[in-house]
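Keep in mind it's a predicted model, so treat the numbers as computed, not measured. Worth knowing before you read on, the calculation uses all heavy atoms, side chains too, and leaves out hydrogens, waters and symmetry mates.
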Amino acid sequence: MSDFKELVCSVWDAAWNHGNADALDDIVHPDYALENADSGHTSGLAELKVEVREMRAAIPDLRTTVDKIVVDDDDFAIFWSATGTFLNPLGDVPATDAVCRPVAPSKESCVKTDHP
């Protein structure tokens with residue numbers, strides 16, 4: 001189990017802290033789907049990678065930390081925290097130069113994998 005958690009932390013760090021969104025392929029199931037409860041829009045792994053890249057572009061000094069990983073059978077959830085300065089636009093949202101400190105879990109931080 002600890003090897004799996006180490007893998008998750010390593011991939012998370014590579015993607016969110018260093019911008020290597022393709023590292024997510026190592027832990028995210030190819031059929032990953034996230035449904036937005038408000039809009040009903042469903043997104044997959046490709047959109048998750050775009051989200052990582054866009055967030056890193058908007059918050060170039062983004063630093064995330066995996067605070068806890070909960071594993072249940074072949075599902076897992078990541079509890080994370082982050083900090084960074086919102087220096088560039090994110091979609092239609094203009095930059096604020098403010099320091100952001102989001103904390104999760106959220107629906108977005110839960111993924112399914114085929115871990116051993």
Drop me the distance from [X]'s [atom1] to [Y]'s [atom2], to the nearest 0.5 angstrom.
{"X": "Cys100", "Y": "Asp61", "atom1": "SG", "atom2": "CG", "value": "9.0 Å"}
{"X": "Leu34", "Y": "Leu45", "atom1": "CG", "atom2": "CG", "value": "12.0 Å"}
{"X": "Arg63", "Y": "Arg101", "atom1": "CZ", "atom2": "CZ", "value": "14.5 Å"}
{"X": "Leu87", "Y": "Leu62", "atom1": "CG", "atom2": "CG", "value": "11.0 Å"}
{"X": "Arg56", "Y": "Asn20", "atom1": "CZ", "atom2": "CG", "value": "10.5 Å"}
{"X": "Tyr32", "Y": "Ile27", "atom1": "OH", "atom2": "CD1", "value": "10.5 Å"}

Give the minimum heavy-atom separation between [X] and [Y], together with the two atoms involved.
{"X": "Ala14", "Y": "Ala23", "result": "CB-CB, 3.8 Å"}
{"X": "Val66", "Y": "Ile69", "result": "CG1-CG1, 3.6 Å"}
{"X": "His29", "Y": "Asp31", "result": "ND1-N, 2.9 Å"}
{"X": "Thr42", "Y": "Ala33", "result": "CG2-CB, 3.8 Å"}
{"X": "Trp12", "Y": "Ile78", "result": "CE3-CD1, 3.5 Å"}

[Y] backbone acceptor or donor facing [X] side chain under 3.5 Å:
{"X": "Asn17", "Y": "Thr64", "value": "yes"}
{"X": "Asp67", "Y": "Ser81", "value": "yes"}
{"X": "Glu54", "Y": "Glu51", "value": "no"}

Establish whether Leu7 and Val52 are linked, either directly or via other cluster members, by ILVMFWY side-chain heavy-atom contacts under 4.5 Å.
yes
Is Val11 reachable from Val71 through a run of I, L, V, M, F, W or Y residues, each pair having side-chain heavy atoms under 4.5 Å apart?
yes
Aromatic ring pairing Trp16/Trp80, orientation class (parallel under 30°, perpendicular over 60°, tilted between)
parallel
Under the criterion side-chain contact (heavy atoms from CB on, under 4.5 Å), I'd like the reasoning laid out for Leu24 against Leu48: C-alpha separation, chi angles, the key distance, then a yes or no.
CA-CA 9 Å; Leu24 293 167; Leu48 176 60; 3.9 Å; yes
